[in-house]
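Numbers restart at 1 for each chain; the letters A, B, ... are given by sequence-line order, proteins then strands.
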There are 2 protein chains.
Amino acid sequence: MLFHFSNRFPQLNAFWDKYLPFQKRMDVPAKTILLEEGKISQNYIFIEKGCVRLFFNNNGEEKTVQFFFENEGVTSFDSFVNNIPSQCAIETIEPAVIYMLPKQYAIQMIEELMLERDFAQMMLQMFALRQTHYVNEFISFIRDTPEQRYQNLLKERPHIVQRVPQHYIASYLGVTTVHLSRIKSKIAKGKTHF
Amino acid sequence: MLFHFSNRFPQLNAFWDKYLPFQKRMDVPAKTILLEEGKISQNYIFIEKGCVRLFFNNNGEEKTVQFFFENEGVTSFDSFVNNIPSQCAIETIEPAVIYMLPKQYAIQMIEELMLERDFAQMMLQMFALRQTHYVNEFISFIRDTPEQRYQNLLKERPHIVQRVPQHYIASYLGVTTVHLSRIKSKIAKGKTHF
DNA sequence: GGTGGACGATAACATATGTTATTAAGTCAG
DNA sequence: CTGACTTAATAACATATGTTATCGTCCACC
């Protein structure tokens, strides 16, 4: 959720490598909780292999906020930065290999990064990227029907549809599993008479 | 949308004051476009008086993304940072007094700010704040019905309901004006037999 | 080889929300 | 004052989505 800049700003990779020794490698099964709802985030999590979701509990019903895959970083950002209880939990969907970087080292890394040339611009761009993601999710809810949102997912991020069980996707789209099933069958029908 | 830190980080006010001479004061009527959709954002906008909205056009129908009031800053963040066309437009709702700070000075100010002690932590907190706002908007759509979202607005940000015309609020909640009207009358009925 | 659980499809019905049209009140320029 | 315009409420109907229940398939586990 913060700095998966490895591909975007290659000149920063040296910093990442420098902090590798402080990262703890973990090999975990599916449905492993990496951060509990209500706990304060203590680690920045990097995914080497597998698939992870960010979700919260609403009256016993789980609502999925975001999915993460290989070479992406996850953290409950607000909790991580401000040392407050996390509104969301983080859980593996598939068996996964992850690296945990304790917060103190992550902060230390950022302090070092700030001494880099052009870091202000890079930092702004990184945050613009994250913020744009959430603004677009938000806009999509104002603008699109659940069916359009699912079609979008199919077109823009098909790997999610392929790898993630349907009930997680339903909660991410903001509909019931029953209705997502209806949407899928409606789309399938539309495609039969081609 | 970026640094309305005046109240949050008072030690940074000196920087703000230093750049005051580069800001252009404007006194504008209601329904003035401050940034057109598709144009590249060139200014950071600070609101001294009045009320402003961020919105986009969807097949001739306007969808409101956010409202801004006194002592808040507005910009189309992604466009401002990455020099790309803005997905959204910015328009005054009420007659307003605003200050425009050209982008070059805003960037320059950030570069200077970076030399401040503890700036990394402050910057992270500022961004966590903005990001949390959008994540919460997003979560609210997954979790709540339009009626709950309106009740939330009434409780958490009543000034919006008081100052903003209803059709803007409807487009912000993601419903039609007709349905918002229904929601209001339903709430009113609920309150009559107290 | 069975068995229980997770996952997904579907049906029937209830509720929420959109669409279109009509009416009324408020505002503002002439 | 009057007419045009904006804003808001309401009704009638159409469509989308939720709820509950049932069924079938797949798969890990005993």
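Looking at the side chain of Val178(B), the nearest of the listed nucleotides dT10(D), dC7(C), dG18(C) is dT10(D).
If you take CZ of Arg149(A) and P of dT17(D), they are 11 Å apart, rounded to a whole angstrom. To the nearest angstrom, C1' of dT17(D) lies 13 Å from CG of Leu173(A). Computed from coordinates, the Gln148(A) CD to dG18(C) C1' distance equals 13 Å when rounded to whole Å.
Between Lys184(B) and dA8(D) there is no side-chain N or O to OP1 or OP2 distance below 4.0 Å. Distances shorter than 4.0 Å separate none of the side-chain N or O atoms of Gln166(B) from OP1 or OP2 on dT6(D). Here His167(A) does not reach the OP1 or OP2 of dA6(C): none of its side-chain N or O atoms lies under 4.0 Å away. In terms of phosphate contacts, Thr177(A) brings no side-chain nitrogen or oxygen within less than 4.0 Å of OP1 or OP2 of dG8(C).
The residue among Arg182(A) and Ser181(B) whose nearest nucleotide of DNA chain D is located toward the 5' end is Ser181(B).
Between the side chains of His179(A) and Arg182(A), at least one donor N or O sits under 3.5 Å from an acceptor N or O.
Taking the ring centre of Phe127(B) as origin, the terminal cationic atom of Arg130(A) falls outside the region bounded by 6.0 Å and 45° from the ring axis.
If you look at Tyr105(A) and Phe22(A), their ring centroids are closer than 6.0 Å.
Hydrophobic clustering places Trp16(B) together with Met126(B) (ILVMFWY residues linked when any side-chain heavy atoms are closer than 4.5 Å, directly or through intermediates).
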